[in-house]
Participant: 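Let me give you the structure first, and then I'll get to my questions.
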Amino acid sequence: MTDASVIAARDGRIGRLLLNRPRALNALDLDMIRALRAALADWRDHPAVHAVVIDSASDRAFCAGGDIRAIRSHALAGEAAGIERFFAEEYALNAEIAAFPQPYVALIDGICMGGGIGVSVHGAVRVATEHAQFAMPETAIGMFPDIGATFVLPRLPGALGLFLGLTGHRLAGADAVHAGLATHFVPRERLLALRAALVADGPGVVAAHAAPLPGFSLAPHRAAIDRCFSAGSVSEICARLAAEDSEFARAMLATLGSMSPAALCWSFAAIRRGAGLSLGDALAAELRLTRHVTRHPDFAEGVRAMVVDKDRQPRWTPATLDQVDPAAIAEMLR
Ligand code: QUE
């Protein structure tokens, strides 16, 4: 039981989901996705389940993403069916969380990236501690912000979503509340009490455990973010950052310069398009885009450099933004 990578159990008035693959920072593999879907299906219409609480057994991570190593292996072996199965089930889980009839509460007390945002952000309540770190870092691995992020990011204030989705910028717990990815800031020292109160009394107890929200660390840069990331193309975003003449803008320009140029372009287009889609249509569009992106050399190379070999020296194809073919990007998003 405690060896299982997802532990699902009813406890008092709630259904508890515990992510328990700590050596992989709870990165979601297909077995975990299936276990989460099965538990939600069991509890959907269960009269004793008044809320679902998802939590982590790792003290470092809530969930670091998806099992991107396995996807890369499938991509290198030309196994399209394996890739399709993974993303189709992951996105189905994201949609099932969004449609879950009872409150779905995520307790986030560590790294929460990519797929980890997918199993939290679609729920009604996302509790973040000062140890939470939220990010959508997929442009660093030649992917794109998926798990419904093409729906969520364009709905964040101003151009913050496009900024987060292109740069992979990390937000600590309080900042994630300011950005709208989390709903409550609860200090780690109150989390044990919150868990017990959730079991005893249900999801109404969250607000009483929240602490006053510290200021938004991006507040000094919000205007510059909106000025730059509201541009009509990735090259124009870079041009506007270069014209800002601030330490922050220079750092963000350098960050964008390390990402896959092609991935920046297809991510920009996908996030823009998601502004006008429902969550269901955005997830369907994301699934179609995964078929093209996982065949692009930057995906296997990015996962190699950032996750497998960890040399952090990806060799992108093409190497620069001006060499990315806009027609090829448009074709991938058709
Ligand atoms: C960017 C990403 C991911 C990443 C690193 C990046 C990502 C992801 C993982 C990851 C982490 C730990 C694991 C694992 C994968 O790393 O999406 O299998 O054990 O899932 O720079 O987007």
Side-chain angles (χ1 to χ4, degrees), residues 5-6 19-33 36 56-76 82-83 85-87 89-91 93-94 108 110-121 132-150 152-153 161-171 181 252 254-264 266-268 270-271 283 286-287 289-290 293-294 296-316:
S5 52
V6 169
L19 301 173
N20 184 39
R21 198 177 165 235
R23 68 199 178 283
L25 301 178
N26 288 334
L28 299 173
D29 61 19
L30 190 52
D31 283 348
M32 293 169 75
I33 289 165
L36 293 169
S56 162
S58 157
D59 52 17
R60 288 183 57 209
F62 173 74
C63 171
D67 187 6
I68 220 79
R69 291 166 186 265
I71 306 300
R72 177 174 181 267
S73 300
H74 286 308
L76 292 174
I83 298 172
R85 194 164 49 232
F86 179 87
F87 288 119
E89 294 212 28
E90 182 181 30
Y91 301 170
L93 168 63
N94 301 146
I108 300 155
I111 294 164
C112 180
M113 303 192 313
I117 293 191
V119 295
S120 54
V121 76
Q133 288 282 334
F134 287 71
M136 289 301 291
E138 288 84 356
T139 55
I141 56 163
M143 242 293 272
F144 64 96
D146 63 337
I147 54 85
T150 64
V152 171
L153 293 176
L162 209 42
F163 163 74
L164 295 171
L166 296 185
T167 64
H169 187 82
R170 286 185 176 211
L171 297 174
L181 292 175
M252 292 307 121
T255 297
L256 291 176
S258 71
M259 302 307 193
S260 154
L264 287 172
W266 65 57
S267 298
F268 176 85
I271 295 167
L283 287 166
E286 289 176 8
L287 184 59
L289 186 52
T290 62
V293 161
T294 55
H296 189 284
D298 282 4
F299 174 71
E301 172 61 5
V303 177
R304 181 205 64 74
M306 305 306 285
V307 181
V308 178
D309 295 344
K310 298 188 172 75
D311 60 32
R312 300 184 149 262
Q313 299 289 322
R315 298 168 60 93
W316 303 125

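Just follow the structure's listing: the first ligand is 1, and inside any ligand the first atom is 1.
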Participant: So, N26 and S56: side-chain donor and acceptor under 3.5 Å apart, yes or no?
Facilitator: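 There is such a pair (donor and acceptor under 3.5 Å, judged by atom type) between the side chains of N26 and S56.
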Participant: Going by side chain to side chain donor-acceptor pair (under 3.5 Å), name the residues that satisfy it together with S120, two or more places apart in sequence or in a different chain.
Facilitator: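 By the side chain to side chain donor-acceptor pair (under 3.5 Å) rule, S120 matches no residue at all.
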Participant: Using residues 256-264 as the side-chain source, report each donor-acceptor pair under 3.5 Å to any protein atom, sequence neighbours left out, with the distance given to one decimal.
Facilitator:
{"unit_1": "S258", "atom_1": "OG", "unit_2": "T255", "atom_2": "O", "d": "2.7"}
{"unit_1": "S260", "atom_1": "OG", "unit_2": "A262", "atom_2": "N", "d": "3.4"}
{"unit_1": "S260", "atom_1": "OG", "unit_2": "A263", "atom_2": "N", "d": "2.9"}
{"unit_1": "S260", "atom_1": "OG", "unit_2": "D298", "atom_2": "OD2", "d": "2.7"}

Participant: For ligand 1, find each of its N or O atoms that sits under 3.5 Å from a protein N or O atom, and tabulate the pairs with distances to one decimal place.
Facilitator:
{"unit_1": "ligand 1", "atom_1": "19 (O)", "unit_2": "A24", "atom_2": "O", "d": "3.1"}
{"unit_1": "ligand 1", "atom_1": "20 (O)", "unit_2": "G66", "atom_2": "N", "d": "3.1"}
{"unit_1": "ligand 1", "atom_1": "20 (O)", "unit_2": "G66", "atom_2": "O", "d": "2.8"}

Participant: How far apart are the closest heavy atoms of I271 and G165, and which atoms are they?
Facilitator: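 It is CD1-CA, 4.1 Å.
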Participant: For residues 133-142, which side-chain N or O atoms pair as donor and acceptor with protein atoms under 3.5 Å away, sequence neighbours left out?
Facilitator:
{"unit_1": "T139", "atom_1": "OG1", "unit_2": "L166", "atom_2": "O", "d": "2.9"}

Participant: Considering all heavy atoms of both residues, which atom of L283 and which atom of G148 are nearest to each other, and what is their separation?
Facilitator: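 For L283 versus G148, the nearest heavy atoms are CD2-N, 3.3 Å.
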